[in-house]
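Written out below as C-alpha cells is the structure these notes cover.
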Amino acid sequence: MRKALLVTAALLPLGVALPASAADTTTTFSLTAGALSVTAPASADLGSGSVGSPVTASLGSVSVSDNRGTLLGSWTVTVSSSDFTTGAQSADETIGKANVSYWSGLATAFSGTAVLVPGQAAALNAVALGTSATAFSATGTVGSNTATWSPTVVVTPPAAAVVGTYTGTITHSVA
C-alpha cells in the first residue's frame, strides 16, 4: 500500500489524474449498398463514309459506377445494337446489326479496387453486334469503384445499301 501511495503522490504533481470510474459504450452503425450503373453518351455521330466503305469512330466515354460496397464482387457490361435504318426502312435502307462491330479498348480512367477486363482490348478483337457481347467486366471488386472506356464502333454497309443518314441504337447494360 505504501508503494501505491508513493506512485500516486509522484504522479499528482505531473497533472495526471486517475479516473474515479470508467464506462464503455458499444457503438455501431450500418453502411447500406448503393447502386450499380452504366452511363453512355445520349447520342453519337459516327461521321460519314462512302457507299461500300466502313464508317469507324469512337462512341464516346462509357462509364460504370459500382457503389454496392461488395467484398470480392464483380460486374459485367454487355453491349448490343439495333439495325441502322434510313428513309422508309426497306431492305436496301437497312444496315443490319450484324454489320456493326465494337471494340472497347482499355480503360481510360479507373478508381477503387478491382481487376478490370476489357471485352476487346484492340481493334483486331472487335466483335460483331449481331448478338450482344461483353464490353467490359471487373472481378475482385472491393467497396466502391468506377471504370471508363471509349469504345470504337465500325459500321460496314452492305453493297446494296442506299445513300442516306442512318440511325440505330447501341445499348450498354450492366449487371
Side-chain angles (χ1 to χ4, degrees), residues 34-68 70 72-175:
L36 173 64
S37 62
V38 62
T39 58
S43 64
D45 184 347
L46 301 181
S48 62
S50 57
V51 175
S53 296
V55 176
T56 303
S58 172
L59 191 61
S61 293
V62 177
S63 298
V64 168
S65 179
D66 181 1
N67 292 310
R68 298 172 298 165
T70 58
L72 302 179
S74 65
W75 50 258
T76 299
V77 174
T78 56
V79 61
S80 60
S81 179
S82 69
D83 292 338
F84 282 71
T85 59
T86 192
Q89 303 175 11
S90 67
D92 293 333
E93 295 169 309
T94 300
I95 299 173
K97 60 187 175 185
N99 290 40
V100 179
S101 296
Y102 177 102
W103 62 282
S104 63
L106 301 174
T108 57
F110 175 72
S111 68
T113 302
V115 177
L116 295 180
V117 182
Q120 309 78 31
L124 61 98
N125 305 117
V127 293
L129 295 181
T131 60
S132 64
T134 298
F136 229 93
S137 62
T139 61
T141 64
V142 177
S144 295
N145 61 86
T146 62
T148 301
W149 64 98
S150 187
T152 300
V153 175
V154 180
V155 180
T156 306
V162 298
V163 172
T165 299
Y166 286 79
T167 302
T169 302
I170 295 176
T171 302
H172 290 86
S173 303
V174 66

Looking only at heavy atoms, which two atoms of V127 and A133 are closest? And how far apart? CG2-CB, 3.7 Å
Can you measure from CG (L46) to CG (L59) and round to the nearest 0.5 angstrom? 7.0 Å
Check: G73 main-chain N/O paired with T141 side-chain donor or acceptor under 3.5 Å: yes
Can you check side-chain hydrogen bond (donor to acceptor under 3.5 Å, both in side chains) on S144 and N67, steps first, answer last? CA-CA 5 Å; S144 295; N67 292 310; 3.2 Å; yes
Just verifying a value: how many Å separate W75 CH2 and T139 OG1, rounded to the nearest 0.5 Å? 10.0 Å
Please name the pair of heavy atoms, one in P41 and one in V62, separated by the smallest distance, quoted to 0.1 Å. CD-CG2, 4.5 Å
From CD (E93) to OG1 (T85), nearest 0.5 Å: 8.5 Å
To the nearest 0.5 Å, what is the distance between CZ (R68) and OG (S37)? 10.5 Å
Mind listing the side-chain donor-acceptor pairs of residues 104-125 below 3.5 Å, one per line with the distance, residues two or more places apart or on another chain?
residue: S104; atom: OG; partner: G119; partner atom: N; Å: 3.4
residue: S104; atom: OG; partner: Q120; partner atom: N; Å: 3.2
residue: S104; atom: OG; partner: Q120; partner atom: O; Å: 3.1
residue: S104; atom: OG; partner: A135; partner atom: O; Å: 3.3
residue: T108; atom: OG1; partner: T148; partner atom: O; Å: 3.2
residue: S111; atom: OG; partner: T146; partner atom: OG1; Å: 2.6
residue: Q120; atom: OE1; partner: S104; partner atom: N; Å: 3.1
residue: Q120; atom: NE2; partner: T134; partner atom: O; Å: 2.7
residue: N125; atom: OD1; partner: A122; partner atom: N; Å: 3.2

For S150 and S58, work out which heavy atoms get closest and say how close. OG-OG, 2.9 Å
Is the side chain of T86 donor-acceptor paired with the backbone N or O of T165 at a distance under 3.5 Å, no angle test? yes
Check: L129 and S80 side chains under 4.5 Å, non-hydrogen atoms: no
With a 4.5 Å heavy-atom cut-off, do V79 and P151 have their side chains touching? no
Starting at OG1 of T156, measure out to CG of N99 and round the result to the nearest 0.5 Å. 6.5 Å
Between the CD1 atom in I95 and the OG1 atom in T167, the distance rounded to the nearest 0.5 Å is 10.5 Å
My understanding is that only residues two or more places apart in sequence, or in another chain, count here; which of them pass ring pair (Phe, Tyr, Trp, His ring centres under 6.0 Å) with F136? W149
Is it the case that the side chain of S81 and the backbone of K97 share a donor-acceptor pair, with hydrogens and angles ignored and the cut-off at 3.5 Å? no
